[in-house]
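Each remark here refers to the structure printed beneath this line.
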Amino acid sequence: MTLPYIDQLLAQLARGNPQLERSFGRHIHWGYWPDPAAARPDQAEDYGRAAERLSLELLDLAGIAPGMRVLDAGCGFGGTLACLDERVERLDMTGLNIDPRQLQRAARVARPRPGSTLRFVAADACTLPFADASFDRVLAVECIFHFPSRAAFLAEVRRVLRPGGALVISDFVPSPFFAPFGRLPKLRALRRINVLGECDTSCTAAGYRALAARAGLRVTTLRDITRHTLPTYAFLKHLAQQSGGSRLVRGFSAPLIGLLDFYGRSGLLKYSLLRFDRG
Ligand SMILES: C[S@@+](CC[C@H](N)C(=O)[O-])C[C@H]1O[C@@H](n2cnc3c(N)ncnc32)[C@H](O)[C@@H]1O
């Protein structure tokens with residue numbers, strides 16, 4: 001799988017880009033502002049705090065207690081695990097990603113406190129290399145739309161969760177009307193300018209309930225937090241204007257960001273937190 005935005009981010013971080021270090025150096029996801037009107041879209045530090053806050057919203061929903069075994073699937077740079085480690089003791093944590101380059105950085109970002117353990121595993125989230133019932137909680141922050149199959153991922157999560165365990169994710173959930181447009185066509189021409197890579201944002205709330213039931217899970221929370229994430233787009237526009245990326249990508253970024261902003265504001269694509277419970 002090719003994700004051009006990850007390649008660009010890694011290249012810019014390797015060059016020591018201070019803005020990106022502060023905004024996306026720990027988390028590769030949207031920000032959460034409790035009061036969106038107070039956001040400062042021109043400040044990388046403000047974005048970094050909002051990204052941390054988004055992880056906290058997920059962790060609150062996951063209800064992780066001392067002693068639990070936690071898997072973060074698609075863990076990126078390990079920011080959510082680092083955030084969790086700062087709050088809860090005696091954890092057995094695993095970060096999994098398909099891209100070993102990100103795991104190298106994650107090993108520097110997230111270092112477990114004494115009494116907790118953390119390992120990183122390079123693998124596909126749809127074929128989890130873990131025994132049955134080996135986790136109390138699974139997290140997947142803003143990455144399920146890249147996975148080859150939501151159904152395969154949910155089936156794997158059901159298998160590796162112990163009875164009574166839970167999965168918490170964030171995803172862009174389309175309105176039923178918008179769902180057919182939630183998949184970017186796999187056109188060769190688009191591949192050159194699509195910085196996001198392959199994304200499937202066509203799974204509606206009803207689609208999630210059906211997929212979960214088929215996998216032996218139950219959607220117990222679905223919270224639309226779009227309003228709190230919208231300042232992300234103003235910050236991304238600010239970044240794109242200053243970007244050192246190729247002209248082609250720079251040219252495409254602004255319209256793409258504008259489109260995502262419009263989808264969010266109009267309710268076509270809802271940034272949502274979901275919790276699935278295994279009975
Ligand atoms: C938007 S980033 C989110 C990263 C991280 N969860 C965070 O919130 O900072 C999407 C992540 O999904 C990962 N990813 C994509 N396909 C994957 C797969 N099949 N299995 C595991 N990870 C995958 C990418 O490498 C990337 O780290």
Side-chain angles (χ1 to χ4, degrees), residues 1-13 20-32 47-59 61-62 70-85 93-110 118-130 137-157 160 167-172 184 194-201 225 229 232-233 235-236 239 256-257 260 269 271-274:
M1 138 140 359
T2 318
L3 299 177
Y5 72 99
I6 296 279
D7 295 343
Q8 289 187 21
L9 179 57
L10 285 168
Q12 289 289 328
L13 288 171
L20 281 177
E21 193 63 57
R22 289 194 284 268
S23 50
F24 287 101
R26 190 164 143 108
H27 301 279
I28 322 173
H29 58 230
W30 273 198
Y32 180 102
Y47 190 84
R49 279 192 296 274
E52 186 88 356
R53 184 65 202 234
L54 187 108
S55 284
L56 287 177
E57 293 293 319
L58 262 111
L59 293 174
L61 185 57
V70 181
L71 168 65
D72 186 5
C75 67
F77 296 150
T80 298
L81 290 171
C83 192
L84 172 61
D85 180 63
M93 296 174 284
T94 304
L96 175 138
N97 206 295
I98 199 145
D99 178 358
R101 298 171 305 169
Q102 292 173 61
L103 294 180
Q104 274 175 18
R105 184 177 173 92
R108 295 196 298 275
V109 168
L118 172 57
R119 64 180 161 154
F120 289 104
V121 177
D124 181 348
C126 292
T127 35
L128 295 173
F130 308 115
R137 295 287 184 273
V138 178
L139 310 168
V141 189
E142 217 174 293
C143 47
I144 197 168
F145 46 79
H146 285 319
F147 295 173
S149 155
R150 281 185 178 80
F153 175 62
L154 292 179
E156 277 292 81
V157 168
V160 302
L167 161 72
V168 172
I169 71 166
S170 65
D171 192 15
F172 298 90
L184 285 175
N194 174 18
V195 288
L196 295 178
E198 213 166 290
C199 291
D200 177 356
T201 54
I225 59 163
T229 64
T232 298
Y233 301 106
F235 178 69
L236 290 179
L239 265 188
L256 178 66
I257 295 162
L260 291 173
L269 213 47
Y271 195 107
S272 306
L273 302 184
L274 294 100

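What you see below is based on every heavy atom in this structure, not just the backbone, and it leaves out hydrogens, waters and symmetry mates. Since the model is a prediction, treat every value here as computed from it, not as a measurement. Counting starts at 1 for both ligands and their atoms, in listed order.
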Under 4.0 Å from one or more heavy atoms of His27, ligand 1 contributes atoms 9 (O)
Exercise for the section: Determine whether the side chains of Ser55 and His27 contain a donor N or O and an acceptor N or O closer than 3.5 Å. Expected result: yes
Under a 3.5 Å distance rule, please check whether Arg137 uses its side chain to pair with a backbone N or O of Val168 as donor and acceptor.
no
Has Tyr5 got a side-chain atom pairing as donor or acceptor with Gly197's backbone, closer than 3.5 angstrom? no
For Gly76, the atoms of ligand 1 under 4.0 Å from one of its heavy atoms are 4 (C), 5 (C), 27 (O)
Only one of Thr94, Leu59, Asp72 passes side chain to side chain contact (heavy atoms under 4.5 Å, CB included) with Leu81, and that residue is Asp72
Look at the aromatic rings of Tyr233 and Trp30 and report parallel, tilted or perpendicular, splitting at 30° and 60°.
perpendicular
### Task
Return the orientation label for the Tyr47 and Phe235 ring planes: parallel under 30°, perpendicular over 60°, tilted otherwise.
parallel
The option among Asp124, Leu96, Thr80 carrying the non-hydrogen atom nearest to atom 19 (N) of ligand 1 is Asp124
dist Leu167:CG -> Leu71:CG (nearest 0.5 Å) comes out at 9.5 Å
Checking heavy-atom distances from atom 22 (N) of ligand 1 to each of Val109, Thr127, Leu196, Ile98, the winner is Ile98
Closest to atom 4 (C) of ligand 1 by heavy-atom distance, out of Ala51, Ala125, Gly74, is Gly74
Near Tyr5 (heavy-atom distance under 4.0 Å), the atoms of ligand 1 are 1 (C), 2 (S), 10 (C)
So the atoms of ligand 1 within less than 4.0 Å of a heavy atom of Val141 turn out to be 3 (C), 5 (C), 6 (N), 8 (O)
Ligand 1 to Phe147, heavy atom cutoff 4.0 Å, flagged ligand atoms 16 (N), 17 (C), 18 (C), 19 (N), 20 (N), 21 (C), 22 (N), 23 (C)
Taken in chain and number order and not counting sequence neighbours, the residues that satisfy side-chain hydrogen bond (donor to acceptor under 3.5 Å, both in side chains) with Asp7 are Arg101
Counting from 1 in the order shown, the ligand 1 atoms closer than 4.0 Å to a non-hydrogen atom of Leu3 are 24 (C)
Among Asn97, Ile28, Leu128, Val121, the residue with a heavy atom nearest to atom 13 (C) of ligand 1 is Asn97
Ligand 1 to Glu142, heavy atom cutoff 4.0 Å, flagged ligand atoms 1 (C), 2 (S), 3 (C), 10 (C)
Ligand 1 atoms nearer than 4.0 angstrom to some heavy atom of Cys143 are 10 (C), 11 (C), 12 (O)
Under 4.0 Å between heavy atoms, the region of Pro148 that gets near ligand 1 turns out to be side chain
Logged contact type for Asp72 with ligand 1, heavy-atom cut-off 4.0 Å, is neither
